[in-house]
Trainee: 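Just dropping this structure here.
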Amino acid sequence: MTERYAVFGNPIGHSKSPQIHTMFATETAQSLSYEAILAPIDGFEASFKDFVANQGYGANVTVPFKEQAFALCDELSEQAKLAGAVNTLSVQADGRIRGDNTDGLGLVADLQRNFGCLAGLNVLLVGAGGAARGSVLPLLQAGIAKLTIVNRTQAKAEALVELFSSYGDVNSLPITHAGKSYDVIINSTSSSLSGEVPNISSDSITSQTVCYDMMYGKQPTSFNIWAKAQGAKQTVDGLGMLVGQAAESFYIWRKVKPSVESVLIELRAEL
């Protein structure tokens, strides 16, 4: 019987994961099925266990279930523990459930694909929510020199600094004082969904700064439009992060790493 994989969420109809993983399977000649499952808001665990009982081998998890997925795991990767959330569930041979978080790995892979090596760079991370928290360790492990975190509520940024300070050079500033130039600025907030821009200083951007927005759309995001207007060298949206985190999940399950380029081209054309 074909091994089943799925993405769980609520809502889930918009998910591109089935399309992405089906393309990965074709490219790597893997026999599997991948579907989207709408889990009840109060019924994620029951939905997942039913899936496992019916040949479910692994699953991606999206909003609003990443914390619930974290809670039901028997074992967790270091990245998942630090992120406090799980987006990739794997059923082990002995039936135990392992949780990983590949969001930050997807971000770093896309940054490297677009901007090259990150080693030695000075990075500004805007936002201190779940997306930011899941990105800190992979960024530090990519060899960046320093990570500055800013957030509308600075206490949240300071909490992340405390959590990750033993892993590298991490600090926090008030969001409006995030002056001085950075090599890379990452917007992890959802401000672009409402056409807004985080309240960071335009002094943060020079002609050598590259900017990345985790949000994406058919048109450039409001953050990237703003960054370009401030003279940023290059701007990139988060579609590649979406495909990159999926590629990392696929690798965890199937032990083969699919390429992202052809999938990205197809998804971009459909936006």
Side-chain angles (χ1 to χ4, degrees), residues 1-22 24-25 30-107 127-138 156 159-160 163-164 188 190 193 214 238 241-255 258:
M1 187 169 177
T2 303
E3 294 182 7
R4 290 176 69 206
Y5 296 86
V7 58
F8 286 80
N10 189 326
I12 199 62
H14 65 286
S15 176
K16 298 185 186 301
S17 293
Q19 180 183 359
I20 292 170
H21 283 277
T22 299
F24 285 165
Q30 296 283 304
S31 177
L32 57 89
S33 69
Y34 191 107
E35 64 207 276
I37 296 177
L38 177 70
I41 292 294
D42 58 353
F44 167 71
E45 184 173 353
S47 292
F48 178 71
K49 287 183 173 174
D50 180 64
F51 167 75
V52 171
N54 288 280
Q55 301 295 313
Y57 279 74
N60 288 125
V61 184
T62 187
V63 177
F65 300 128
K66 291 185 181 184
E67 286 78 19
Q68 290 181 48
F70 180 92
L72 70 77
C73 290
D74 299 302
E75 58 183 79
L76 295 159
S77 67
E78 181 184 26
Q79 168 61 16
K81 286 177 190 169
L82 286 165
V86 158
N87 80 329
T88 305
L89 293 167
S90 309
V91 182
Q92 309 292 286
D94 61 1
R96 289 163 60 82
I97 306 300
R98 177 180 167 86
D100 288 273
N101 190 310
T102 66
D103 288 330
L105 293 172
L107 167 71
R133 183 172 168 177
S135 302
V136 176
L137 183 62
K156 281 190 170 181
L160 288 190
L163 182 63
F164 289 98
S188 76
S190 57
L193 293 179
M214 290 189 186
M241 177 179 174
L242 172 72
V243 181
Q245 62 80 24
E248 295 289 344
S249 295
F250 194 89
Y251 177 73
I252 287 169
W253 297 326
R254 311 299 297 186
K255 301 297 180 276

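Here the structure is a predicted model, which means the values were calculated and not measured.
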Trainee: Roughly how far apart are D100 CG and S249 OG, rounded to 0.5 Å?
Mentor: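 Answer rounded to 0.5 Å: 8.0 Å.
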Trainee: Do you know the tightest heavy-atom contact between G95 and D74?
Mentor: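 For G95 and D74, the tightest heavy-atom pair comes out as O-OD2, 4.5 Å.
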Trainee: I'd like to check Q55 versus E3 (side-chain heavy atoms, cut-off strictly below 4.5 Å). Are they in contact?
Mentor: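 SC-SC contact between Q55 and E3 ruled out.
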Trainee: Atom CZ in R133, atom CG in N101: separation rounded to 0.5 Å?
Mentor: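 Taking CZ in R133 and CG in N101, the distance rounds to 10.0 Å.
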Trainee: Does any non-hydrogen side-chain atom of K255 lie less than 4.5 Å from one of F250?
Mentor: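 A side-chain contact is absent here, since even the closest heavy-atom pair is not under 4.5 Å.
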Trainee: State, with a plain yes or no, whether a side-chain heavy atom of L82 is found less than 4.5 Å away from one of V136.
Mentor: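 No, every pair of side-chain atoms sits at 4.5 Å or beyond.
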Trainee: Looking at CZ of F65 and CD1 of I12, how far apart are the two atoms once the value is rounded to the nearest 0.5 Å?
Mentor: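 Rounded to the nearest 0.5 Å, the CZ-CD1 separation comes to 8.5 Å.
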Trainee: Kindly determine whether D103 and M241 satisfy side-chain contact (heavy atoms from CB on, under 4.5 Å), including the steps that lead there.
Mentor: CA-CA 7 Å; D103 288 330; M241 177 179 174; 4.2 Å; yes
Trainee: Between A6 and I37, which heavy-atom pair has the shortest distance, and what is it?
Mentor: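 Shortest heavy-atom separation between A6 and I37 comes out as CB-CD1, 3.7 Å.
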Trainee: How close do E248 and G106 get, heavy atom to heavy atom, and via which atoms?
Mentor: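 Shortest heavy-atom separation between E248 and G106 comes out as CG-N, 4.5 Å.
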Trainee: What are the two closest heavy atoms between A39 and F8, and how far apart are they?
Mentor: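 Of all heavy-atom pairs spanning A39 and F8, the closest is CB-CD2, 4.2 Å.
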Trainee: If we count only N and O atoms by modelled type, under 3.5 Å, do the side chains of T102 and N87 hold a donor and an acceptor together?
Mentor: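 N87 and T102 do have a side-chain donor-acceptor pair below 3.5 Å.
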Trainee: Under 4.5 Å between any side-chain heavy atoms of E35 and P18, yes or no?
Mentor: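 The answer is no; the side chains never approach within 4.5 Å.
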Trainee: Just checking, any donor-acceptor pair under 3.5 angstrom between side chains of R254 and Y5?
Mentor: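 Yes - a donor-acceptor pair under 3.5 Å links their side chains.
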Trainee: For the residue pair L107 and P138, establish whether any side-chain heavy-atom pair is separated by less than 4.5 Å.
Mentor: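 Side-chain contact under 4.5 Å: no.
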Trainee: Using a 3.5 Å distance criterion without hydrogens, assess whether the side chain of R4 forms a donor-acceptor pair with backbone atoms of L32.
Mentor: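 No, because the side chain of R4 does not come within donor-acceptor range (under 3.5 Å) of the backbone of L32.
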Trainee: Decide if atom NZ of K156 counts as having more than 12 heavy atoms of other residues, nucleotides or ligands within a radius under 6.0 Å.
Mentor: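 Incorrect, the count does not exceed 12.
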Trainee: Measure the CD1-NZ distance between I97 and K49 for me, rounded to the nearest 0.5 Å.
Mentor: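 Those atoms lie 8.5 Å apart.
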Trainee: OG/S90 to CZ/R96 distance, rounded to the nearest 0.5 angstrom?
Mentor: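 Here the interatomic distance stands at 13.0 Å.
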Trainee: Rounded to the nearest 0.5 Å, what separation is found between the CG atom of L242 and the OG1 atom of T62?
Mentor: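 Reported value, rounded in 0.5 Å steps: 9.0 Å.
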Trainee: Which class fits the ring pair F48 and F51: parallel under 30°, tilted 30 to 60°, perpendicular over 60°?
Mentor: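 It falls in the tilted class, 30° to 60°.
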Trainee: How far apart are the closest heavy atoms of L38 and P11, and which atoms are they?
Mentor: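 L38 and P11 have their closest heavy atoms at CD1-CA, 4.1 Å.
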Trainee: Where is the tightest heavy-atom contact between S188 and G127, given as atom of each residue plus distance?
Mentor: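 In this case the closest contact between S188 and G127 is OG-CA, 3.6 Å.
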Trainee: Can you find a pair of side-chain heavy atoms, one from M214 and one from S135, that are under 4.5 Å apart?
Mentor: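 Side-chain contact under 4.5 Å: yes.
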Trainee: Check whether any side-chain heavy atom of V61 lies under 4.5 Å from a side-chain heavy atom of V7, and answer yes or no.
Mentor: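 Contact flag for V61/V7 side chains = no.
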Trainee: For residues F24 and V243, determine if any side-chain heavy atom of one lies less than 4.5 Å from a side-chain heavy atom of the other.
Mentor: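 Yes, their side chains come closer than 4.5 Å.
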Trainee: Does W253 use its side chain to pair, donor to acceptor, with the backbone of L89 at less than 3.5 Å?
Mentor: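 Answer holds: yes.
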Trainee: Within the 3.5 Å criterion, strictly below it, is a donor on N60 or Y34 matched to an acceptor on the partner's side chain?
Mentor: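 There is such a pair (donor and acceptor under 3.5 Å, judged by atom type) between the side chains of N60 and Y34.
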Trainee: Assess the residue pair S77 and R98 against the criterion (side-chain contact (heavy atoms from CB on, under 4.5 Å)); give the C-alpha distance rounded to whole Å, side-chain angles, the decisive distance to 0.1 Å, and a yes or no.
Mentor: CA-CA 8 Å; S77 67; R98 177 180 167 86; 3.3 Å; yes
